[in-house]
Each structure stands twice: as structure tokens, then as C-alpha cells.
Amino acid sequence: MISYTRNFEDVMLARALALVQQGFYVDVGASHPVDDSNTYALYNKGWRGVAIEPQSIFNAAWQQHRPEDRLINTAVTGSETTGEMTLHLPVQYGQAATVNLDFAKDYAARGLAMVQSTVPTQTLTEVLVQLRPEGDIHLLSIDVEGAEQDVLRGLDFQRFRPWLIVLESVLPGQPTPHYAHWEPLLLAQGYEFAYFDAVNRFYVAKEHAELKAHFDHPPCVWDDFISHESVQARETMQLQQARLESAAHWMLASAKRFEEAGDLAAYEALLHRIFELVPTYENAYWPLGSLLTGQNRRAEALAFYQQTIEHAPHHFYSWHNIGMLLRWEKRWVESEAAFRRMLAINPNFSEGRMNFGSLLLALGRYEEGWALFESRYLVNEGEQPRMSHNAPYPRWTGESLAGKSIMVMREQGYGDEIMFARFAHTLKERGAARVTILCQPMVRTLLQTVPGVDEAICVESMSDVWPPMDYWCYGQSLPHALGITLASLPASIPYITTEATARQAWRTRMQSELPAQALQGGTLKVGITWRGSPQHGNDHNRSLASVRVLRSLWDVPNVSFISLQTGDAAQEVCSLPHDQPMLEWGSHMTDFADGAALVAQLDLIISVDTGIVHVAGALGVPCWVMIPHVETDWRWLNDRDDSPWYPKGMRIFRQTQQDAWDDVVENLKSALQMMCHPSNFSHPSNFSHPSNFSHPSNLSHPSNLSHPSNFSYPRNFSHPSNLSHPSNLSHPREGGDPRLVQDSRLRGSDELADMTGLAVSRMRS
């Protein structure tokens, strides 16, 4: 409850009379209807009554705040003769009015300017006969500044017996008791003293003696109350906060105009000023954090978000972004703690669940990680999962597949489709009668060779007619539904095969374009890819600026380099200097099956994290992968230079610092020199046997499966906009139907085509 009295008298009254519903009170010397009123809290609980106050200056306030009470402008006297009397009242403070001349002199002596007014008088009995002739009076409150005895004398206690009476009982502004002259009147009328609060004395009628038990202790926490002053202060603060937030809103609008004009310095300065003035204004959190992150000032962004939770500890977006930034800093334990705090605040935050899941996957904790990673297709609480198709059959979540058919839906990029196609064989082992993969045209022919795949089809060949199936499942949801752990990961290599015709075509090309020494096994045939798809969210971290970054590899003798690069970057080969010769074959690959036929005839692939890596891994062709320092994809785990997904010949070379590939290139060069050592040329098979290209430490030592630092960052969150922005959770990008959304979070290692022609892009930061 809210207490409106300075000494919490109303708390005691509400406690004692808690069982009375819609009670009746008489408030003598009522003064202001709210401030320091013994009865206003009861009014708010549904009580009503009579208020007696000789000063008419309070009438408007009573009409405003307590219109259902009866207000009588009279002074209460003990004489039965109706008449008038002089009321002494201070000019500035009406609540000190008194008919007691001694009290008035005391007020004047203390500096209060007093005036006099003539007011009518009535006895309390006369008032009650008119306004409450029948019915209980549950409370009589008397605050008449020295006239208590007159009030009591004017009440017929035989006819009107209030259950409880409270009277002010000290001298004005002093703790000196002042009740000896009137208390005997109450005691003689059958009232018992119950409680003294240092200002007021409380009395209970003998017939309601059970109320005395409520006065055995003063107001306390168990009364569950808050003072009116505290409420007012809170409301004032809320009003001020609202005004500040309104100002912050306009400041943010101004800041955005600076951003639109390209003045990022002014934009940042104004954002900092907003946070300085209104640190609880959450709408400014993401713009500033995003700006700092986008400028690779991640330490500043982390410090900023850590400040935001000091002012808004409930802000789960900030906890999420702290988790992301800590993960980029490879502070795994702290990152996990931030994500768990985020989920404790909002367990239904789907984007946060997904990103936390990818952290756990990177740590090798697959069981918990897969479950959280399923949130990638969920939206806000209460919304339906966001699917990118309209398949007419149920989603498979682990039910028996005995005799059933299932369609595995593509998601993300080419490399993801190749990587997760391996589970087709596992589905067959679980009893599936038919496994169909819905894929992109560029990988269809290749995926048709995967064991367990009965058919690989594309949306274009469906003609808007879904083939009959019992279930469907996303490719990246198969590990969760199958209960795959790091220890049970199916990694039978190779699990794709190449076509003889394509192999022969590339063999013919090699014979015509490669040096004779390479054809005779005297040099190492190395395929190179230095850029992924520019549409990938993390491409600016994972791709090299140019193939020239790898220039020092050409210093290694006995190596023939072949470009497997596709897209616009393939044309870089045409402008390479004479001391960096390379055959440009990437643009001649017709699809991934054709590319696989070429890769199968090479001795080694050196590539950034893109689709060709998965081709090499699935074939068992030795592959060295260049991995960025930050935002590393979860599938490469952490602090390992091998991959349990591709255990034959795959080796990982990791950046040791962001945006610097020098150390990676130097390590690649050293490893290449070791492979090309003359001793290896005595055994031509050394160029193709996977074990020759894996460092002994890469063998899956048990400690590598559980070390807490085995972390890597999930794909697609490199751009600063991928830090959580609240508005992105409910506002799809213009032109997109939120019912038919392919989330931009799910872009894979290469281009992402529409799965069914129904998907549209939606940014979710």
C-alpha cells in the first residue's frame, strides 16, 4: 500500500482494519484530502466517510481527490449550542489551524504569521445524526490541534461507537505528551489504549478488543507499504526520465543525420553525449556499439556494452553483444557466462540462443550446442518458426524412419550442402527407405554420388509440385535429430565420387598445359582459392585481399600452382607478375562435380574457408585451410589444426591476429617446403597420401575434444550489424514478407539462392 502519513498512522490503521470491506470513517480536522491524511489510503481501498474541516480552502482538493466523501466545513465543539468560534490559522500553512488560543500563540512564537477567521460550530453527534444515523463507524480520526477534549465531549458514545479511535496527543511540533486531560473520557466510555507511535494514541472499543493484537509492533516490512513521498519522488524521476528520453530521441535523430551525411566523427560524438546524459536510453546502445565494432574498435565496443548493463542490467541485447564480442576475443568462459545471463533474462531470444549454440558447437559441446542452434529458424516468443519453404509434410525431429521417405532441405551455401550430405548414409542406417536431397543446381550432380542419397533434386525441376515424402529436415538440423556428438561424428572419407568423363577432360588439359615435370610427378600440383563469395557475412575476415598475399609460396621449388578461384576474383590471375605464374582453371569449372574431378587429380588444395574446402575434404584430398583470427566458423572448432569432420588430410592454418595473414602464409610456406623436400620425391605416392600432410599433433587426441578453449565463431556474423539490435526482431526489411523469410544469418560459404522461390531476404542484426 501507499502511506500518505508522515508517521505511518494509516499503515497501522490498515493493518488493524484489514478485514473490513468498504468501511466507514469519520475524519475530524481532516485538512488536506491527501497530504498527511490518516484516511486517504482507506479511501483508495474502497472506504468512504465524513470529513470535517472548518477551512474552505481545501474544498476544491477534496472534490478533486475524494469526491465520494462528505465534506463538512465546521469546527467541532463540545457544546450542544450551535454557534461560531474563532479559528486561528497560519497564512502559509493551513494544516496548523487551531481553535486553541495557547496553541496559536505557540505557533506565532515560532515565527508563523497567524490570522483569524470565524467559523461555524457543531458537535460531532450533530454531524453524525445528519450523515451517519445508522451503521458502524469503524474509525474515528481526530487531529484538532488542542481541541480533542471538546470533540470527545460532543460525541454520544451510547449511540455512536467507533471501533477504533486515533488522536494526535503531543504538543505542536514537540514530543511532549498532551493527552492527560482527555484520555479519562475515552477510558470511561469503554475504550482501551492500544498503541502510541510518539505522535498519536490509538484506542480500541472493548467490544472489538481483538483489534489490539494488531498494535503489538510498529509499521514494518511485513506491512508491504511505501511512503507517498517515495511515490512522488519516483513519479518525478519518471517524468524527468521521460523528458530526458524525449530529448535523447531527438538527439539520436540528429545523430543519424550526421551519419547519413558521412560525418561519422560528429555521429559518434553525439551518440557518446546521449549515453552520457541518459545512460538508460537503450535505443542509443546499438548504434554506438555497432559503430565501434564496425570500425574494428571492439575493445571499446565491449567496454561500452559492459557500461550499458550497469544502467540496464535487464537489457539482454547488451548481454548478447557482450557474449559475441568476448567470443571474438576468444574469452570463452566469459562469453558463455554472458550468453547464459542473456538467456536467464530472455530464454526465448532466438538469435541469442542460436549464437550461444554456435559457441558451444565451436567448443565441441555438440549435444547442447545442436539444440540451441535449432533456434536459427525461430523468431520472437509466440511467433511461428520462420521456414524458407512450404513443404506439405511434417518436419522430422528424430522419429522412426523405418520404411519412411525423407527430404533433406538445403540451407546456407554450397559447402554446407556438401558437408551435411554425409548424414544421408546415417538416415539409411536408421531405416529410411528413400532419402532425397533438395539442393542448388551447382551441387546436384556431386551430391547424387553421396552414399545414401537416392535422388538429388532442385527447386527448378519440381515445377511447384512437391514429391511425395513422409518427412523433411534441414541439413544442419540432422545432427540434432540424430543425436550426433563430436565422438560419433560420421567421417567416412571419401563420401563423394567423381565422374570418369570429367576426370579425363581435366587430365587432358593437364597434359597440354602443365609442365612435363609436373606430369611426371616431379612437382606438386597445388590448387589455390583466395576469396569466398562476397555475399558471405564474414567475407571481409575470411578472404584475402588478393592472391598476391600468397606470393612467398612461389619461392618454394617444385610446385605448380593452379587457380581454383571462381567469380570476379579469378581474373586476378591474368595480371600476376611473371614470378608468380599460375594456371587459371577455376572459371572453367562448370559445377561442383566438375570441380571435384579437378580437385581429385591435384596433390594439395590451399584455400580460404569456402566451398572448395568441403569438396577436398569429402574427397580426402589434402587440404590446407586458412582460417581468420576472429569470427571463425564454428565447424573448425578452436585451437586445433585438424578437423574431425574431414579427418583425412585436412590441416588448419589459423591467423594469430586479426587482418594479418603474414604468419599464416609463412607457416604455409614452411609446410610446403617440408612437403617438397627431395626425400619426398623418391616416393611419388607421398604427394597424395593424406597422412603425409597432417602434423602428428593433428591426430584426434582426447584432450582436443574437451578443452574449453576449443572455440570458433559461427559463420555470417562479421558485420557490426550482426550485434543484436532490438528493432530488427520485429521489423522485416522493406519488401519482404515476414511469413516467407530466409534470414540473412543463414548465408553460407557461397551464394545463397532461394530454396523454393518463396524466400526473401531479411536482415537481423
Side-chain angles (χ1 to χ4, degrees), residues 230-326 328-329 338 341-342 345-346 349 351-352 355 379-380 537 540 717-736 738 744-745 761-765:
S230 297
V231 173
Q232 286 182 318
R234 181 184 300 171
E235 291 174 349
T236 300
M237 290 179 62
Q238 290 173 344
L239 179 60
Q240 292 175 341
Q241 182 68 20
R243 290 173 177 169
L244 285 172
E245 290 190 0
S246 178
H249 172 76
W250 290 108
M251 291 173 69
L252 181 59
S254 298
K256 289 180 178 178
R257 285 194 288 272
F258 282 120
E259 180 189 28
E260 293 167 358
D263 190 347
L264 295 185
Y267 176 58
E268 178 181 346
L270 195 48
L271 290 176
H272 277 294
R273 184 58 174 161
I274 293 171
F275 183 68
E276 178 184 346
L277 293 174
V278 196
T280 56
Y281 185 63
E282 297 170 5
N283 289 343
Y285 292 176
W286 181 83
L288 182 52
S290 174
L291 175 68
L292 297 173
T293 306
Q295 295 179 345
N296 286 327
R297 296 157 61 187
R298 288 178 172 152
E300 293 179 62
L302 176 59
F304 167 69
Y305 277 117
Q306 288 171 331
Q307 290 178 44
T308 68
I309 59 173
E310 294 178 6
H311 300 283
H314 62 282
H315 198 252
F316 59 90
Y317 298 103
S318 286
W319 283 108
H320 169 271
N321 294 344
I322 288 171
M324 298 279 281
L325 289 161
L326 287 169
W328 294 342
E329 295 295 321
R341 176 60 178 155
M342 169 201 71
I345 299 170
N346 186 357
F349 180 32
E351 182 178 346
N355 285 334
V379 283
N380 294 326
H540 67 291
F717 294 91
S718 58
H719 194 276
S721 65
N722 290 313
L723 295 181
S724 286
H725 185 225
S727 64
N728 290 331
L729 300 185
S730 58
H731 302 289
R733 178 174 293 224
E734 290 185 10
S744 65
R745 297 175 304 174
S761 175
R762 176 183 181 182
M763 287 300 295
R764 185 173 186 179
S765 299

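Keep in mind that what you see is a predicted model, and the values were worked out from it rather than measured. Along the sequence shown, residues carry numbers from 1.
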* **Qualifying residues under ring pair (Phe, Tyr, Trp, His ring centres under 6.0 Å), relative to His311, sequence neighbours excluded** => Phe275

* May I ask you to check whether Gln306 and Glu310 show a side-chain donor-acceptor distance below 3.5 Å? => no

Heavy-atom side-chain contact between [X] and [Y] under 4.5 Å:
X: Phe304; Y: His272; answer: no
X: Glu245; Y: Thr280; answer: yes
X: Leu292; Y: Glu268; answer: yes
X: Leu264; Y: Gln295; answer: yes
X: Val278; Y: Gln241; answer: yes
X: Leu270; Y: Leu252; answer: no
X: Leu244; Y: Leu277; answer: no
X: Thr293; Y: Trp328; answer: yes

* Where do Leu326 and Ala338 come nearest, in terms of heavy atoms and distance? -> CD1-CB, 4.5 Å

* **His320 versus Met342, closest heavy-atom pair with distance** => CB-SD, 3.5 Å

* Asked: Is a side-chain N or O of Ser246 found less than 3.5 angstrom from the main chain of Ala242, in a donor-acceptor match?
  -> no

* Taking Trp319 for its side chain and Pro313 for its backbone only, find out whether a donor-acceptor pair lies under 3.5 Å. => yes

* **Residues in side chain to side chain donor-acceptor pair (under 3.5 Å) contact with Glu300, at least two apart in sequence or another chain** => Arg297

* To do: Please step through side-chain hydrogen bond (donor to acceptor under 3.5 Å, both in side chains) for the pair Ser254 and Arg257, ending with a clear verdict.
  => CA-CA 5 Å; Ser254 298; Arg257 285 194 288 272; 3.2 Å; yes

* ring-ring contact (aromatic ring centres under 6.0 Å, His included) with Tyr317: which of Tyr305, Phe349, Trp286? -> Phe349

* Step by step, would you call Arg273 with Glu276 a salt bridge (Lys or Arg N to Asp or Glu O under 4.0 Å)? -> CA-CA 5 Å; Arg273 184 58 174 161; Glu276 178 184 346; 2.9 Å; yes

